[in-house]
Amino acid sequence: MEFQQSLKTQTVNALKHLYNYDATDISFEKTNANFTGDLTLVVFPFLRFSKKKPEDTANDIGLYLKEHVSEIADFNIVKGFLNLELSSDFWLDVAKTQTEQGIQIPLIGKGKKVVVEYSSPNTNKPLHLGHIRNNVLGYSFCQILEANGYEVIKNNLVNDRGIHICKSMLAWQKWGNNETPESSGIKGDHLVGKYYVEFEKQFQAEYGTWLKSEDGTSAYNTFCKSPAAEKLKNKGEDLFKTFKSEYKNTYFNTISQIGSEVKQMLQQWEEGNKEVLALWQKMNAWVYDGFASTYQRLGVSFDKIYYESDTYLLGKAIVKEGLTTGAFYQKEDGSIWVDLTEDGLDEKIVQRADGTSVYITQDIGTADLKYNDFKMDSFIYVVGNEQDYHFKVLQLILKKLNKTYAEGLYHLSYGMVDLPEGKMKSREGTVVDADELMEEVVNTAKQQTEELGKTEGMSDDELKELYETLGIGALKYYLLKVDAKKRMLYDPKESIDFQGNTAPFVQYTYTRISSLLRAANNFQFEKPEVLNDEEKSIIVLMNAYPSAVNAAASNYNPSEIANAVYDLAKAFNKFYHEHSILGAKESTVRNFRLSLSKQCGETIKHGFGLLGINVPDRM
RNA sequence: GGUUCCAUAGCUCAACUGGAUAGAGCAACAGAUUUCUAAUCUGUAGGUUCCAGGUUCGAGCCCUGGUGGGAUCACCA
């Protein structure tokens, strides 16, 4: 870091001295692997000051730098690219510093506090693959922020109330025969999910019967005469299918028997009906038990949990406040709105005519609650990109309300996880259950390890832990290595493949290093005379690691760390393959290589730690 | 339809935010185990970066217009 700074200063001096040009922002790049050199300065922007050809300009600067900066051993020029070659001594010093001081990450977040909300499950269903991406991203991102010096509060907002929970409750009450997790042997969240599905099944049956009835037929006929239906007909779409899905909500809200029962239950819940509350508490407890074990196996945790049942009314006071300050306005029917048309968005409702709050109102309330609780500098929501619009609106509203913390809101938006057959969303029934998926990858790890037959001397407990580390690691890495904001494809086959760019490959590299260090016993850092290419490439990669961590933090993207660690592991394997480490003839060379190996292992472990992935000592 | 995100090798993803000859892994083919762990390594093949313009020394990346796909546009959460 210091070197980079002084190199920049010297370059500014060079430009001043050579061309009388006061440069402000000079940046060096890593030299492309196809060219010799370590750092590259692009000289094209300076041509209008030098008034010389690119090659000559580069040569001027190169000569100046070589004379004034001792670390530069030589330079070469390709067109307008000045490639600086740093001395072996420089890289050996880097290696020495790394060995002595370990991984040093500049603390860009020191003194800053950040609340990261992630996971945020509904309590009516077990977690699925989409949730895993959320949890793994959220947790990893917290680790990365902490490594950058931030004080991080890992926050979970549990959506424990509302119509969807009542659906599970009602179905259990009607058809559950007092079934419990104990009596059925089903994990609590899955049991509650089972009754949610049961509700939907019963509702669909009821809806299906109605559609065939007189009322249903006449509603359909009315729909067929509408102008919208005409258009669809011309397009050749299945009218009945469209009607069926479009009318579903109306049917649920106005006609359905079971629908009115469940709405009544929600109302009773809001009125504090003792029986309903007791049932709600009982079933939520089952779900929390289930979630706890899923979270534990996934290796994520929280510092602060909010329950929506406690917070869903909080926004109302702020709505009132906004009304007096003029941020909001009221319509004749009593509903309260905010006008965002100046910001290119629509008018949004923030409170219904009957005085109840909507989704965005609750988020306004919890944002304020968070700030009162933590006085954080910024707060981050790890939520899927289907809510991009929602968070844009939320931030604008908070600004309109003159909340100073509004500026610190960031939506860490991630893309949906697709399955090869099609997209994966709970309402379409093609979910991959989180618990089943974890079980599957761990089993695959077991199978593969047994096939390789290297498990001698390990106890059953150690093996069990190993399979867990490998399987869960593979799953997490598969989800984390992809740029968070991009939609990604989850291929079950590929995710449990342990070859190539996967966690087991990196973990394998780590165990290899561990066994190397065990065999070596003791050694100390010694500088050899020369540096070969593989050694140097490892030093370069390890040198770049801290800035990858910083980049990941400021770009909100754990995948940068995953890629940095993978590159390092790959480089080590090559290095390991081509050079005998323990068998090196000179002890200096042997010690040096062992030091590099050790440092490499520590970097891998550190990087995987930030991703929330464990590394085994043996496998 | 409005807004917004995306499009890179047969497949899954990279490309240090505008730099050089666009890189990995998988799949395919050809090789390498007297070894500190072969879950490894080496090589071959694979590209008009969706299309058409523009900006400049220089574009996968920025701008404009298309094409194709996703999301969103609820007094649902």
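Proteins get letters first, then strands, A, B, ... in listed order; numbering begins at 1 in each.
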Report yes or no: does [X] contribute a side-chain atom to a donor-acceptor pair with the main-chain N or O of [Y] at less than 3.5 Å?
X	Y	value
Glu535(A)	Asn532(A)	yes
Asp388(A)	Ser413(A)	no
Asn124(A)	Tyr196(A)	no
Thr361(A)	Val350(A)	yes

Six-ring centre of [Y], [X] cation under 6.0 angstrom, axis tolerance 45°:
X	Y	value
Lys331(A)	Trp337(A)	yes
Arg161(A)	Tyr312(A)	yes
Lys167(A)	Phe252(A)	yes

Among [options], the one nearest [X] by side-chain distance:
X	options	result
Asn34(A)	U12(B), U21(B), U17(B)	U21(B)
Glu386(A)	U37(B), A71(B), C26(B)	A71(B)
Phe35(A)	U12(B), U21(B), U42(B)	U21(B)
Asn249(A)	C16(B), A14(B), A74(B)	A74(B)
Phe505(A)	U37(B), C75(B), C41(B)	C41(B)
Leu470(A)	A39(B), C36(B), C16(B)	A39(B)
Lys486(A)	C6(B), C36(B), U40(B)	C6(B)
Tyr576(A)	C36(B), U21(B), U40(B)	C36(B)
His577(A)	U12(B), C36(B), U40(B)	U40(B)
Ala519(A)	C36(B), G19(B), C41(B)	C36(B)

Round to a whole Å and report the spacing from [atom1] of [X] to [atom2] of [N].
X	N	atom1	atom2	result
Asn76(A)	A20(B)	CG	P	15 Å
Gln387(A)	A74(B)	CD	C1'	13 Å
Leu47(A)	G19(B)	CG	P	17 Å
Met619(A)	U37(B)	CE	P	13 Å
Leu489(A)	C26(B)	CG	P	18 Å
Lys454(A)	U33(B)	NZ	C1'	12 Å
Lys392(A)	C73(B)	NZ	P	13 Å

Which part of the nucleic acid, if any, lies within contact of [X], taking any heavy atom under 4.0 Å across all strands shown: a base, the sugar-phosphate backbone alone, or nothing?
X	answer
Asn159(A)	sugar-phosphate
Tyr566(A)	sugar-phosphate
Thr509(A)	nothing
Thr511(A)	base
Lys574(A)	sugar-phosphate
Asp388(A)	nothing
Glu308(A)	sugar-phosphate
Val42(A)	base
Lys79(A)	sugar-phosphate
Tyr359(A)	base
Leu452(A)	base
Asn83(A)	base
Thr40(A)	base
Met488(A)	sugar-phosphate

Inter-nucleotide [atom1] distance ([N], [M]), Å rounded:
N	M	atom1	result
G47(B)	G23(B)	C1'	12 Å
C62(B)	U55(B)	C1'	8 Å
A32(B)	A71(B)	C1'	49 Å
C63(B)	U44(B)	C1'	41 Å
G2(B)	C57(B)	P	36 Å
A20(B)	G54(B)	C1'	24 Å
U8(B)	U12(B)	P	8 Å
U56(B)	G19(B)	C1'	12 Å

| query | Taking the nucleotide of RNA chain B with the closest heavy atom to each, which residue, Asp617(A) or Lys331(A), is nearer the 5' end? | reply |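 The residue closer to the strand's 5' end, by nearest nucleotide, is Asp617(A).
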| field | Lys348(A) or Arg518(A), whichever maps to the more 5' nucleotide of RNA chain B | value |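 Closest to the 5' end, via its nearest nucleotide, is Arg518(A).
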When you measure from the side-chain N and O atoms of [X] to the phosphate of [N], is any distance below 4.0 Å, counting only OP1 and OP2?
X	N	value
Gln499(A)	U40(B)	yes
Lys570(A)	U40(B)	no
Arg352(A)	C76(B)	yes
Tyr389(A)	U72(B)	no
Ser335(A)	C75(B)	no

| Sub-4.5 Å side-chain heavy-atom contact between Lys485(A) and Asn385(A) |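 No, side chains not in contact.
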| Does the side-chain ring of Phe44(A) sit on the six-membered ring of the G19(B) base, less than 5.5 Å centre to centre and under 30° in tilt? |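 Here the ring of Phe44(A) and the base of G19(B) are stacked, with centres under 5.5 Å and planes under 30°.
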Should the side chain of [X] and the base of [N] be counted as holding a donor-acceptor pair, with the cut-off at 3.5 Å?
X	N	value
Asp333(A)	C75(B)	yes
Asn501(A)	U12(B)	no
Thr31(A)	A20(B)	no

| Where does U33(B) land, syn or anti, once you apply the within-90°-of-0 test for syn? |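 Anti conformation for U33(B).
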| task | Would you mind telling me which of Leu480(A), Ile472(A), Val382(A) makes a side-chain contact (heavy atoms from CB on, under 4.5 Å) with Val136(A)? | result |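 It is Leu480(A); the other options fail the test.
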| message | Within this structure, what is the CE-CG distance for the pair Met169(A) and Asn284(A), rounded to the nearest 0.5 Å? | response |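 So the CE of Met169(A) and the CG of Asn284(A) are separated by 8.0 Å.
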